[in-house]
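Throughout, numbering of the chain's residues begins at 1 and tracks the sequence. Just so it is clear, the model here is predicted, and its values are computed rather than measured.
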Amino acid sequence: MAARKPFTDSDTSDEAVRATCDDATTCKRFATSKGYWKDPYIQYFARSVGERKAPEINRGYYARVQGVNHLLDAFIRKAECNCQVINVGAGLDTTFWRLKDENLMPRKFFEIDFPTVVARKIHNIKTKPPLSKPLIETHSTDSLLLDAHSLDSDRYCIIGADLRDISNLDEKLKKFQLNPELPTLLLSECVLVYMTPSQSSNLVHWAAETFHTAMFINYEQVNMSDRFGQVMIENLQRRQCTLAGVEACQSLDTQKERFLKTGWEHADALDMMTIYSMLPQDDVARIERLEFLDERELLQQLLQHYSICWATKDKLNLGNYEWI
């Protein structure tokens, strides 16, 4: 019998990163319970609404969800749904079900995460009919592949893989009918920051090399060299969460450089305070009435330390990718 590998610091760090998936899910569940946005599927991944979250956290998640969806939906519309989406480090995200409900389904929607996270998600899908029914409705053949660490249907695929192992990732995606010729949107939310700069560069370089028409949306920390940023880093370190890739989070320019140095033609980045101010203001006014915010300055600080960066390659001339 093979000896068990010793448990290392990197194992502890990986476990802490996996725990952030639950944090995001419970925060989204609480914010939707308050009416910030609608997500009828998040309840199947977070058992209860949980303890109260501060209003600035709820507004931060609102800005994150609306900002990412704005770019994602615009890409799918430009491609007229003739595209594929790859959510890297997807966790318990519910975007597949939202896109189906809104008739914005791409040709295929891929998700990748640690095998343990994927196993939990697949279990939830198998045991919750409101999750499994939409998947079956989009599947036309008899052969729906389902095992502990992967699910593959015509339109939706979940893969257990380590994003730091590019050759294994590439092999698994191709096995599940990834099409390099299709316009492709890649999405990562607070994922690259947990990888070393060389590991995340390898991932975004692989994406630039693999797809001729693509967009990569990255939601992540920014302006991390100031005092507020240092406090964020210390808080995560106390939970054994190391921000191995924090050097790419120093500014909007360093966020863009990661993509421009690895084969992407164009990159833009905005901090979340700017994005919050560009969201439809009637809806922003609505959510601001949901809860009283005592310290607007704290919300501004928080939103100034997160950003969305989007990089593009556009051989098929899908068009302008400015924030509209």
Are L72 and L192 joined in one hydrophobic group, where the rule is that I, L, V, M, F, W and Y side chains link up if heavy atoms are under 4.5 Å apart?
no
Any side-chain donor near an acceptor of the partner, S150 and D147, under 3.5 Å
yes
Could you tell me if N58 and E291 have a donor-acceptor pair between their side chains, going purely by distance under 3.5 Å?
yes
Counting only N and O atoms by type, is there a donor-acceptor contact under 3.5 Å from the side chain of Q281 to the main-chain atoms of S277?
yes
Does either side chain, that of E257 or that of T254, offer a donor lying less than 3.5 Å from an acceptor on the other one?
no
Could you grab the distance from atom CE of M224 to atom OG of S307, nearest 0.5 Å is fine?
10.5 Å
Treating S201 as the side-chain partner and S198 as the backbone partner, does any N or O pair qualify as donor plus acceptor under 3.5 Å?
no
Co-membership, hydrophobic cluster, residues I42 and Y44, 4.5 Å side-chain:
no
When you measure from the side chain of D152 to the backbone N and O of L145, does any donor-acceptor pair fall under 3.5 Å?
no
Those residues that, when tested against F75, pass ring pair (Phe, Tyr, Trp, His ring centres under 6.0 Å) (two or more places apart):
none
Using only atom types and a distance under 3.5 Å, with no angle test, would you say the side chain of T262 pairs donor to acceptor with the backbone of R258?
yes
Go through the steps to decide whether L163 and Q199 satisfy the test side-chain contact (heavy atoms from CB on, under 4.5 Å), and finish with yes or no.
CA-CA 8 Å; L163 298 169; Q199 288 164 347; over 6 Å; no
Take the angle between the ring planes of F96 and Y156 and call it parallel below 30°, perpendicular above 60°, tilted in between.
parallel
Verdict with supporting geometry, N179 and R107, side chain to side chain donor-acceptor pair (under 3.5 Å):
CA-CA 10 Å; N179 182 353; R107 274 264 214 107; over 6 Å; no
If two hydrophobic side chains count as joined below 4.5 Å and joins carry through other members, does M273 share a cluster with W310?
yes
With side-chain contact (heavy atoms from CB on, under 4.5 Å) as the criterion, how do I308 and M272 come out once you've worked through the C-alpha distance, each side chain's angles and the decisive distance to 0.1 Å?
CA-CA 7 Å; I308 295 178; M272 294 310 296; 3.6 Å; yes
With heavy-atom distances below 4.5 Å as the criterion, would you say the side chains of Y62 and D283 are in contact?
yes
For I275 and G67, the nearest pair of non-hydrogen atoms, with its separation, is CG2-CA, 4.2 Å
Evaluate whether atom NZ of K128 has more than 12 neighbouring non-hydrogen atoms of other residues, nucleotides or ligands under 6.0 angstrom away.
yes
Surrounding CD of E234 (heavy atoms of other residues, nucleotides or ligands, distance under 6.0 Å), is the total greater than 12?
yes
Using ring pair (Phe, Tyr, Trp, His ring centres under 6.0 Å), reason through Y61 and Y36 one step at a time and then give a plain yes or no.
CA-CA 9 Å; Y61 269 92; Y36 280 83; over 10 Å; no
Quick one: pull up CG in L169 and CG in D165 and give me the separation to the nearest 0.5 Å.
8.0 Å
So does W97 get a backbone contact from the side chain of T94, meaning a donor-acceptor N/O pair under 3.5 Å?
no
Side chains of I233 and V246: closer than 4.5 Å at any heavy-atom pair?
yes
Donor-acceptor pair, K108 side chain versus F176 backbone, under 3.5 Å?
yes
Look up atom CG in D22 and atom OG1 in T26, then write down how far apart they are to the nearest 0.5 Å.
7.0 Å
Examine the side chains of Y276 and Q66 and answer whether a donor and an acceptor come within less than 3.5 Å of each other.
no
Can we say D23 and R239 salt-bridge, meaning some charged N sits less than 4.0 Å from an Asp/Glu carboxylate O?
yes
Hey, quick one: are L187 and I158 part of the same hydrophobic cluster, counting side-chain heavy atoms closer than 4.5 Å, chains of contacts allowed?
yes
D271 and T274: side chain donor to acceptor below 3.5 Å
yes
Could you tell me whether the side chain of Q177 and the main chain of K175 form a donor-acceptor pair under 3.5 Å?
yes
Of all heavy-atom pairs linking C249 and G245, the shortest is SG-O, 4.0 Å
Member of T95, D101, T32 meeting the side chain to side chain donor-acceptor pair (under 3.5 Å) criterion with Y41
D101
Give a yes or no on whether the backbone of A207 and the side-chain of T210 come within a donor-acceptor separation of less than 3.5 Å.
no
Heavy-atom closest pair, residues A208 and W264
CB-NE1, 3.4 Å
By ring pair (Phe, Tyr, Trp, His ring centres under 6.0 Å), which residues pair with Y306, not counting sequence neighbours?
Y219
Search all heavy atoms of P40 against all heavy atoms of Q43 and return the closest pair with its distance.
O-NE2, 2.8 Å
What are the two closest non-hydrogen atoms of L99 and P106, and how far apart are they?
CD1-CD, 4.0 Å
Let me see the working for L185 and I86 under side-chain contact (heavy atoms from CB on, under 4.5 Å), right down to the final yes or no.
CA-CA 6 Å; L185 185 133; I86 307 172; over 6 Å; no
Carboxylate-amine/guanidinium contact D93 R98, below 4.0 Å:
no
Is it the case that the side chain of D314 and the backbone of A214 share a donor-acceptor pair, with hydrogens and angles ignored and the cut-off at 3.5 Å?
no
CG of N87 to CG of D113: how many Å apart, nearest 0.5 Å?
8.5 Å
Answer yes when R286 and D282 have at least one side-chain N-carboxylate O distance shorter than 4.0 Å, and no when they do not.
no
To the nearest 0.5 angstrom, please state how far the CG atom of L173 sits from the SG atom of C157.
7.5 Å
In terms of side-chain geometry, is the basic nitrogen of K133 or E137 positioned less than 4.0 Å from the acidic oxygen of its partner?
yes
Neighbour count >12 (heavy atoms, 6.0 Å) for atom CD, Q300:
yes
Side chain of R29, backbone of G50: donor and acceptor closer than 3.5 Å?
no
Just one of I136, L135, L146 clears the side chain to side chain contact (heavy atoms under 4.5 Å, CB included) bar with S153, so which one?
L135
Answer yes when K121 and E111 have at least one side-chain N-carboxylate O distance shorter than 4.0 Å, and no when they do not.
yes
Would you say that more than 12 heavy atoms from the other residues, nucleotides or ligands in this model lie under 6.0 Å from the CD of E80, or not?
no
Are L303 and I217 linked, directly or through intermediate hydrophobic residues, by side-chain heavy-atom contacts shorter than 4.5 Å (ILVMFWY only)?
yes
Within 45° of the six-membered ring axis of F211 and under 6.0 Å from that ring's centre, is NZ or CZ of K313 located there?
no
Could you walk me through whether Y194 and S200 satisfy the side-chain contact (heavy atoms from CB on, under 4.5 Å) test, starting with their C-alpha distance in whole Å, then the side-chain angles of each, then the deciding distance to 0.1 Å, before giving a yes or no?
CA-CA 9 Å; Y194 295 113; S200 66; over 6 Å; no
Taking all non-hydrogen atoms of both residues into account, name the closest pair between F45 and L92 and its distance.
CD1-O, 3.7 Å
Under the salt bridge (charged side-chain N to carboxylate O under 4.0 Å, His left out) rule, what do R59 and E288 come out as? Steps first, then yes or no, please.
CA-CA 8 Å; R59 292 190 192 184; E288 289 187 345; 3.7 Å; yes
Between E220 and N218, is any side-chain donor less than 3.5 angstrom from a side-chain acceptor?
yes
Value for CD (Q230) from CD (Q237), rounded to nearest 0.5 Å, stands at 8.5 Å
